[in-house]
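Because the structure is a prediction, the values reported are computed rather than measured. In what follows, chains carry the letters A, B, and so on, assigned in the order in which the sequence lines appear, proteins first and then strands, with residues in each chain numbered from 1.
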Amino acid sequence: MTAPITLSHLLALSGLLFSIGLVGVMTRRNILLILLSLEILLSSANLAFVAFSRSLGDLSGQIMVFFVMVVAAAEVTVGLAIALLISRKAGNLNADELRNLKW
Amino acid sequence: MTAFQMVHPLLFYTLSGLMVVGALGVIFARVPIYAVLSLVITLFGMSALFVALGAYFVAAIQVLVYAGAVLVLFLFVVMLLDMAPEALFRARSRIMMVAGIAFGGIFLWQLVHVTVVIGGRPGLFTKQPVAGTTAAVGKLLFTTYALPFEAASMLLLVGIIGAIVLAKKKL
């Protein structure tokens with residue numbers, strides 16, 4: 001525990017969070033919770049950006065985090081509106097039962 | 001440079017433990033509202049880690065936009081829809097389950113491998129650290145990244161209009 005924290009520690013944490021989010025996206029059935037797991041994926045990428053920004057002494061990584069947050073906000077607003085619409089039309093949010101587009 | 005030389009190990013391990021627990025809570029919680037509240041822990045921990053890494057502006061935005069706006073939006077929708085607790089990890093077929101575990105194992109192996117390789121090289125934090133203050137980030141945002149910044153504002157506008165058009169019953 002006394003070893004100094006290096007870039008690899010931060011990247012390992014980022015990868016761990018990414019794996020957890022990926023498991024969430026693959027195993028959850030509720031569309032809302034799939035969107036929530038996507039937020040974990042985006043956040044873990046943010047952590048990697050900030051870690052490299054700190055390591056390389058370059059602020060561009062933090063600018064990228066800003067853009068990722070903007071994209072996440074836009075994605076969440078549209079995604080939640082679609083989820084609301086689906087629950088209004090289909091009555092539930094189960095991703096397995098939504099196969100209206102299936103031919 | 002004593003202000004932000006290095007992340008203290010104790011701080012790092014405490015925060016990362018909190019973040020991982022929060023993230024696990026998101027994927028294991030049966031009640032959706034607990035999953036949303038669990039993600040708040042993860043995002044606050046990440047914000048604290050950003051401060052420790054010198055990314056002050058990004059940390060503030062993280063709390064304001066992510067934990068403040070996005071998760072409140074999630075909470076609103078979860079409360080609006082009144083969802084029943086769902087059954088967890090009902091795999092569609094055995095093949096999918098096996099494939100998922102195999103994929104996860106390969107990913108974890110890659111992760112450990114890469115971490116060990118990069119960790120073998122010392123001095124990755126020896127570069128002069130930069131402070132991600134609002135002034136510094138803003139200056140970069142309005143000079144080098146001015147065009148992507150405008151594109152991002154356009155994207156937000158599209159998001160707003162899209163959400164209104166989709167969610168409104170009658171325009």
Shared ILVMFWY cluster between [X] and [Y], side chains joined below 4.5 angstrom?
| X | Y | result |
| --- | --- | --- |
| A:V76 | B:V158 | no |
| B:V63 | B:M46 | yes |
| B:M79 | B:V77 | yes |
| B:I41 | B:F28 | no |
| B:I33 | A:L36 | yes |

Measure [X] against the heavy atoms of chain A and call it side chain, backbone, both or neither at under 4.5 Å.
| X | answer |
| --- | --- |
| B:L11 | neither |
| B:I61 | both |
| B:Q110 | neither |
| B:L71 | side chain |
| B:M19 | both |
| B:L39 | side chain |

To the nearest 0.5 Å, what is the distance between [atom1] ([X]) and [atom2] ([Y])?
| X | Y | atom1 | atom2 | result |
| --- | --- | --- | --- | --- |
| B:F149 | A:I63 | CZ | CD1 | 9.5 Å |
| A:L35 | B:F74 | CG | CZ | 5.0 Å |
| A:T77 | B:L73 | OG1 | CG | 7.0 Å |
| A:S87 | B:L80 | OG | CG | 8.0 Å |
| A:N46 | B:L49 | CG | CG | 12.0 Å |
| A:N30 | B:L81 | CG | CG | 8.5 Å |

Which answer fits A:V71, side chain, backbone, both or neither, if we ask what part of it has an atom under 4.5 Å from a heavy atom of chain B? both
By a 4.5 Å heavy-atom criterion (distance strictly below it), what part of A:E75 contacts chain B: side chain, backbone, both, or neither? neither
Kindly indicate, with the supporting measurements, whether the criterion side-chain contact (heavy atoms from CB on, under 4.5 Å) is fulfilled by A:M69 and B:V58. CA-CA 9 Å; A:M69 281 181 186; B:V58 168; 4.2 Å; yes
Which residue out of [options] racks up the most heavy-atom pairs below 4.5 Å with chain B?
| options | result |
| --- | --- |
| A:G79, A:S44, A:A81, A:S43 | A:S43 |
| A:L17, A:L16, A:L80 | A:L80 |
| A:L32, A:I82, A:L84, A:L85 | A:L32 |

List the atom of [X], the atom of [Y], and the distance in Å for their closest heavy-atom pair.
| X | Y | value |
| --- | --- | --- |
| B:V26 | A:S37 | CG1-OG, 4.5 Å |
| B:L155 | A:A74 | CG-CB, 4.1 Å |
| A:V50 | B:A55 | CG1-CB, 3.9 Å |
| B:F107 | A:S19 | CE2-OG, 3.3 Å |
| A:A73 | B:L156 | CB-CD2, 4.5 Å |

Assess the residue pair A:L13 and B:V20 against the criterion (side-chain contact (heavy atoms from CB on, under 4.5 Å)); give the C-alpha distance rounded to whole Å, side-chain angles, the decisive distance to 0.1 Å, and a yes or no. CA-CA 8 Å; A:L13 177 60; B:V20 169; 3.9 Å; yes
Filtered by a 4.5 Å non-hydrogen cutoff, the part of residues 140-147 of chain B contacting chain A is B:L140, B:L141, B:Y145
Out of B:V65, B:I160, B:V137, B:L157, return the one with the most heavy atom pairs under 4.5 angstrom to chain A. B:V137
For chain A, which of B:A151, B:A23, B:G22 has the most heavy-atom pairs under 4.5 Å? B:A23
Stepwise side-chain contact (heavy atoms from CB on, under 4.5 Å) test for B:L166 and A:V78: CA-CA 8 Å; B:L166 282 172; A:V78 175; 4.0 Å; yes
Atom CZ of A:F67: over 12 foreign heavy atoms under 6.0 Å: yes
Answer yes or no: is there a side-chain heavy-atom contact under 4.5 Å between B:T42 and A:I40? no
